[in-house]
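Worksheet: the structure to be examined is printed underneath.
Chain A is the first sequence line, chain B the second, and so forth, proteins listed ahead of strands; every chain is numbered from 1.
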Amino acid sequence: MSDTVRVRFAPSPTGHLHIGGARTALFNWLFARHINGAFILRIEDTDTSRSTDDYIEAIIEGMKWLNLDWNEGPFRQTDRFDVYRKYVERLLAEGKAYRCYCTAEELEHRRQQALADGKTPKYDGRCRSITEPMPNKSFAVRFKMPQEGTTVLNDMIKGAIVFENNLLDDMIILRSDGTPTYNFVVVVDDIDMKITHIIRGDDHVNNTPKQIHIYKAFGWEPPQFGHLPMILGSDKSRLSKRHGATSVMAYKDMGYLPDALVNYLVRLGWSYGDQEIFTRQELINYFSFDNVGSSAAVFNPEKLLWLNSQYIMNTPAEALAEMVLPFVVKAGFIREGQYPNMQWLSKAVLTLRERSRTLVELAQSMKYYLVDEVEIDQKAGDKFLKPEGIALLADLKDALTGIEDFTVPEIMPPASVMPRCNGQLMASANA
RNA sequence: GCCCCCAUCGUCUAGAGGCCUAGGACACCGGCUUUUCAAGCCGGCGACACGAGUUCGAAUCUCGUUGGGGGCGCCA
């Protein structure tokens with residue numbers, strides 16, 4: 001393993017693993033696997049009021065389903081509060097941070113006021129001048145941001161981005177309840193875990209200069225940054241439930257294969273010439289940030305559906321039979337525990353696989369193999385179930401009764417002696 | 001309001017100054033094949049946001065405009 005490259009995926013457990021997060025995780029994972037580095041999973045749960053253990057489980061479940069394995073972790077930031085506190089103390093002692101006695105209400109009021117006045121909301125630094133701790137008063141700790149000069153972010157994807165330091169806020173690094181905030185812990189952890197490349201969403205670009213100053217305050221060398229463009233909904237607004245399912249596991253339930261989702265996601269922002277379908281190994285071999293674009297992408301469920309159908313068609317029937325089984329059970333066509341012979345099921349799958357775009361569709365189409373009563377498609381029935389067609393079917397039934405090994409070679413002889421057109425017969429049989 | 005980012009078919013994208021009368025994929029529309037449905041094959045529709053530069057030459061470089069996105073929390 002390379003001892004140089006270490007990347008991480010750091011979701012906050014305030015929701016399920018969603019499409020955007022999954023793509024961020026995927027790019028980190030691909031980069032690590034490509035270069036033989038380490039991929040670390042870290043749970044950013046410093047917002048104790050919104051984080052839940054259930055969501056941590058859900059995120060891990062999503063990662064596992066997508067087959068994105070990690071080398072270290074999952075680490076939880078709530079396990080590391082004492083570490084962060086030490087670093088806060090250090091900044092306080094060195095005069096690089098200060099206690100702020102403004103209340104959350106005051107701050108919120110000022111912020112709204114500034115927004116209403118059309119001004120940039122920014123902390124005015126009024127507590128900077130308080131040098132002696134005020135006893136019996138609760139406080140938050142703020143970081144003293146430099147107010148002059150510029151900060152340059154050399155982004156792996158976006159190139160050089162320059163920020164004016166006087167626009168940077170003295171951000172809170174420790175809340176009045178004693179818990180640290182994101183922009184602070186992310187830096188401490190990334191240093192602590194020796195992260196070399198931070199690959200994350202575009203929405204973090206504006207946080208980066210602030211974080212760079214924290215690195216500098218501690219005398220640490222900032223890692224490389226790469227900011228991935230966002231994934232948008234069909235109306236080009238931020239992807240949300242309005243645009244359909246956003247949770248990764250919802251796609252599992254809808255009968256998508258994890259490899260198909262991965263393949264779809266990777267092509268949102270990354271490309272390799274004209275190639276559309278990749279094996280995992282190809283993805284790992286080919287992946288590079290040189291081929292990552294910098295503009296946002298619209299999530300297109302139709303293309304994902306097409307990719308899924310391609311994956312289903314190319315999955316061996318035996319494997320597909322295993323995959324579809326839970327969906328068949330869920331549809332109620334077979335009972336749990338009363339599983340059919342898997343070899344037989346594979347044969348059934350083989351006949352249906354190329355007309356199914358999802359496992360749900362596949363399971364649905366297997367109904368007539370598994371359930372006694374038969375529903376006839378209206379259109380096909382009208383077309384073929386005419387008296388002569390029915391007569392043919394009756395003949396066929398007689399011919400077929402008694403055949404034990406129901407395979408193509410066994411069926412064809414009796415079927416082909418049927419007078420007139422075979423095609424109509426087959427069509428009738430299908431209907 | 002301020003800051004940052006982005007800009008090729010409806011969508012995902014190829015394109016690193018001449019290989020571009022702009023290529024591929026999804027979707028859509030035709031045809032072939034299959035007497036169903038699919039799959040497959042062939043074809044069609046369809047884009048360099050706009051305006052100035054730089055250059056012999058620009059989708060590609062620069063600036064501006066417009067449009068879109070993101071950020072401005074004791075959220076992450």
Side-chain angles (χ1 to χ4, degrees), chain A residues 10-15 44-47 49-51 77 100 102-105 107-108 111 114-123 138-142 153 155 157-159 161-164 167-169 171-183 185-186 200-209 227 229-230 232 234-238 264 267-277 290-291 293-307 309-310 313 352-357 361 365 377 379-381 383-384 421-431:
Chain A
S12 73
T14 53
E44 311 239 311
D45 57 351
T46 53
D47 182 357
S49 64
R50 293 201 304 150
S51 301
Q77 295 184 316
C100 173
C102 301
T103 66
E105 293 72 37
L107 259 12
E108 180 58 18
R111 205 176 123 256
L115 246 16
D117 294 348
K119 291 181 193 158
T120 302
K122 186 185 168 188
Y123 181 65
S138 84
F139 61 89
V141 176
R142 285 184 186 271
L153 159 62
D155 195 271
I157 294 165
K158 295 178 183 293
I161 305 174
V162 182
F163 299 88
E164 295 288 335
L167 265 12
L168 266 25
D169 217 339
M171 63 182 173
I172 286 175
I173 58 176
L174 192 76
R175 299 186 185 90
S176 47
D177 67 359
T179 59
T181 60
Y182 165 76
N183 274 121
V185 297
V186 73
R200 71 218 319 186
D202 222 344
D203 47 342
H204 285 287
V205 168
N206 289 288
N207 287 328
T208 309
H227 287 97
M230 302 268 89
L232 274 22
S234 49
D235 60 355
K236 301 219 172 189
S237 68
R238 198 181 186 136
Y264 178 72
R267 288 283 290 101
L268 254 29
W270 177 83
S271 61
Y272 189 77
D274 285 339
Q275 190 169 342
E276 294 286 350
I277 298 177
D290 295 344
N291 307 319
S294 47
S295 52
V298 172
F299 184 81
N300 181 354
E302 308 248 88
K303 188 161 181 180
L304 170 58
L305 196 56
W306 170 78
L307 258 175
S309 71
Q310 293 295 313
M313 267 188 278
L352 298 166
R353 137 182 105 160
E354 63 184 31
R355 66 199 74 190
S356 308
R357 296 178 300 177
E361 284 184 10
S365 65
D377 177 71
K379 228 167 67 186
K383 196 165 177 186
F384 297 105
C421 47
N422 256 338
Q424 176 164 1
L425 183 75
M426 291 313 288
S428 304
N430 257 337

- State whether the side chain of A:D235 and the backbone N or O of A:S237 hold a donor-acceptor pair below 3.5 Å, judged by distance alone. yes
NA contact type, A:T103, heavy-atom cut-off 4.0 Å: base, sugar-phosphate, or nothing?
base
What interatomic distance, in whole Å, is found between C1' of B:rC5 and the corresponding atom of B:rC32?
-> 48 Å
A:A140 has its side chain closest, among B:rA7, B:rC74, B:rA27, to B:rC74
Report task. Quote, to the nearest angstrom, the P distance that separates B:rG64 from B:rC28. Result -> 42 Å
### Query
Are A:T181 and B:rG73 close enough that a side-chain N or O sits under 4.0 Å from OP1 or OP2?
no
Determine the Euclidean distance between corresponding P atoms of B:rC12 and B:rU21; express it in Å to zero decimal places.
25 Å
Heavy-atom nearest nucleotide on RNA chain B taken for A:Q77 and for A:S295; more 5' hit belongs to A:S295
Picking from B:rA14, B:rG70, B:rA76, the nucleotide nearest the side-chain atoms of A:D274 would be B:rA14
Side-chain atoms of A:E302 come closest, of B:rA76, B:rA27, B:rA38, to B:rA27
- Task: Look at the side-chain N and O atoms of A:K122 and state whether any lies under 4.0 Å from the OP1 or OP2 oxygen of B:rC3.
- Result: no
A:E354 has its side chain closest, among B:rC12, B:rA38, B:rA76, to B:rA38
*When all nucleic acid strands are considered with a 4.0 Å heavy-atom cut-off, which category describes A:L268: base, sugar-phosphate, or nothing?*
sugar-phosphate
Tightest non-hydrogen contact, residues A:L232 and A:A296, listed as CD2-CB, 3.6 Å
With rounding to whole Å, what would you report as the distance between B:rC19 and B:rG57 at their C1' atoms?
14 Å
* Distance between P atoms of B:rA49 and B:rC6 (Å, rounded) -> 15 Å
Out of B:rA27, B:rC4, B:rG73, minimum distance to the side chain of A:V205 belongs to B:rC4
**Prompt:** Expressed in whole Å, how much space separates the P atoms belonging to B:rU13 and B:rA58?
**Reply:** 27 Å
With a 4.0 Å cut-off on heavy atoms, is A:E44 in touch with a base, just the backbone sugar-phosphate, or nothing at all? sugar-phosphate
Review point. With a non-hydrogen cut-off below 4.0 angstrom, is A:R50 in contact with a base, only sugar-phosphate, or nothing?
Key: base
task: Mind checking A:L304 for me? I need base, sugar-phosphate or nothing, with any heavy atom below 4.0 Å counting as a touch.
output: nothing
| OP1 or OP2 of B:rG40 sitting under 4.0 Å from any side-chain N/O of A:Q310? | yes
For A:K158 and A:D155, the nearest pair of non-hydrogen atoms, with its separation, is N-OD1, 2.9 Å
Determine whether A:D45 and A:R50 satisfy the following criterion, salt bridge (Lys or Arg N to Asp or Glu O under 4.0 Å), listing intermediate values before the conclusion.
CA-CA 8 Å; A:D45 57 351; A:R50 293 201 304 150; over 6 Å; no
Notebook entry, point to check: Is A:A104 touching bases, backbone alone, or none of the nucleic acid, heavy atoms closer than 4.0 Å?
Noted result: base
Problem - B:rA22 to B:rG44 separation - P atoms, rounded to the nearest Å - result: 13 Å
- Please state whether the rings of A:H204 and A:Y182 are parallel, tilted or perpendicular, taking 30° and 60° as the class boundaries. tilted
Looking only at B:rG1, B:rC5, B:rG70, the nucleotide nearest the A:L115 side chain is B:rG1
Side-chain contact check for A:S294: nearest option of B:rG71, B:rC6, B:rG24 is B:rC6
* Asked: How about A:H227 and A:T208: does a side-chain donor come under 3.5 Å of a side-chain acceptor?
  -> yes
Distance, P atom - from B:rG46 to B:rG10, rounded to whole angstrom: 10 Å
| message | Mind checking if A:T120 touches a base, just sugar-phosphate, or nothing, with heavy atoms under 4.0 Å? | response | base
